[in-house]
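Below you will find the structure I want to go over with you.
Below, each value reflects all heavy atoms present in this structure, side chains not excepted, and no hydrogens, waters or symmetry copies.
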Amino acid sequence: MKKIMSLSLMLVAACSVGPKPIAYGDAGCHYCKMTIVDKQHAAQMVTKKGKVFNFDATECMLNHLKEIDQEIVKLMLTNDYNAPGKLIAVTEATFLISKAIPSPMGEYLTAFATKDEARAVLEKHGDGELFTWQQLKQRFK
């Protein structure tokens with residue numbers, strides 16, 4: 001009986017739908033095929049079936065979204081600029097487009113966990129524009 005329960009728990013864990021760690025320096029971007037090395041700009045999408053797609057930049061994920069049925073998407077995550085390697089939900093992030101912070105694909109797009117953090121960086125550099133996820137999706141249509 002214990003073996004059956006253990007096996008059941010392992011199957012449930014293996015089939016869970018959620019983010020997976022990005023193997024920086026090894027994983028390739030699903031969209032542009034570049035190796036993902038930047039821990040401040042990478043992104044990840046997880047489908048409702050649990051398939052994980054990694055991207056070297058949020059702009060690659062935005063471009064990929066144009067090519068798929070978005071109904072299959074369960075989660076979309078992006079790196080928090082101030083916490084390299086940490087993934088945050090795109091719907092909770094504040095995005096900054098600023099020439100002062102280059103991103104891997106040249107869109108100068110960076111995500112922050114809070115609007116205050118994004119605003120502080122914007123004020124520090126004196127250049128750029130803030131966006132919500134919905135505003136960003138409109139801009140990248």
* Asked: Going only through I, L, V, M, F, W and Y residues with side-chain contacts under 4.5 Å, is there a path from V73 to F140?
  ->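 Linked within one cluster.
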
* Asked: Are side-chain N/O atoms of Y24 and D56 paired as donor and acceptor at under 3.5 Å?
  ->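 The criterion, which ignores hydrogens and geometry beyond distance, is not satisfied for D56 and Y24.
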
Distance-only donor-acceptor pairs under 3.5 Å for side chains of residues 86-96, two or more places apart:
residue	atom	partner	partner atom	Å
T94	OG1	K115	N	3.4

* Please examine the side chains of F112 and T78, heavy atoms only from C-beta on, and report whether any two atoms are closer than 4.5 Å. =>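 When only atoms from C-beta onward are counted, F112 and T78 do not touch, as no gap falls below 4.5 Å.
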
* Roughly how far, to the nearest 0.5 Å, is the CE atom of M45 from the SG atom of C60? -> 11.5 Å

* Classify the side-chain pair H41/T110 by whether it contains a donor and acceptor separated by less than 3.5 Å. => yes

* To do: Please find out if less than 6.0 Å separates the ring center of Y31 from that of F55.
  => no

* Could you pull out the closest heavy-atom pair between A43 and I22, with the gap in Å? =>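 Taking every non-hydrogen atom into account, O-CD1, 4.0 Å.
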
* Mind checking whether D26 and I36 have side chains closer than 4.5 Å, heavy atoms only? ->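 SC-SC contact between D26 and I36 ruled out.
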
* Asked: How many angstroms lie between atom CG of L62 and atom NZ of K141, to the nearest 0.5 angstrom?
  -> 12.0 Å

* Where the side chain of N79 meets the backbone of Y81, is there a donor-acceptor pair that is under 3.5 Å apart? ->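 Not a single qualifying donor-acceptor pair exists.
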
* **Donor on one side chain, acceptor on other, N54 and Q44, under 3.5 Å** => yes

* To do: Kindly compute the distance separating OG (S103) from CD (Q40), expressed to the nearest 0.5 Å.
  => 11.5 Å

* Asked: Between atom CD of E117 and atom CG of D80, what is the distance when rounded to the nearest 0.5 Å?
  ->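 Result: 5.5 Å between the selected atoms.
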
* Apply side chain to side chain contact (heavy atoms under 4.5 Å, CB included) to the pair M61 and F53, showing each step before the final yes or no. => CA-CA 9 Å; M61 184 168 64; F53 296 95; over 6 Å; no

* For E71, does its backbone N or O pair with a side-chain atom of K48 as donor and acceptor, under 3.5 Å? -> yes

* Roughly how far, to the nearest 0.5 Å, is the CD atom of E67 from the NE2 atom of H64? -> 7.0 Å

* Report the distance from atom NZ of K137 to atom OG1 of T132, rounding to the nearest 0.5 Å. => 10.0 Å

Check: residues 118-131 side-chain donor-acceptor pairs under 3.5 Å, at least two apart:
residue	atom	partner	partner atom	Å
D127	OD2	S98	OG	3.3
D127	OD2	K99	N	2.9

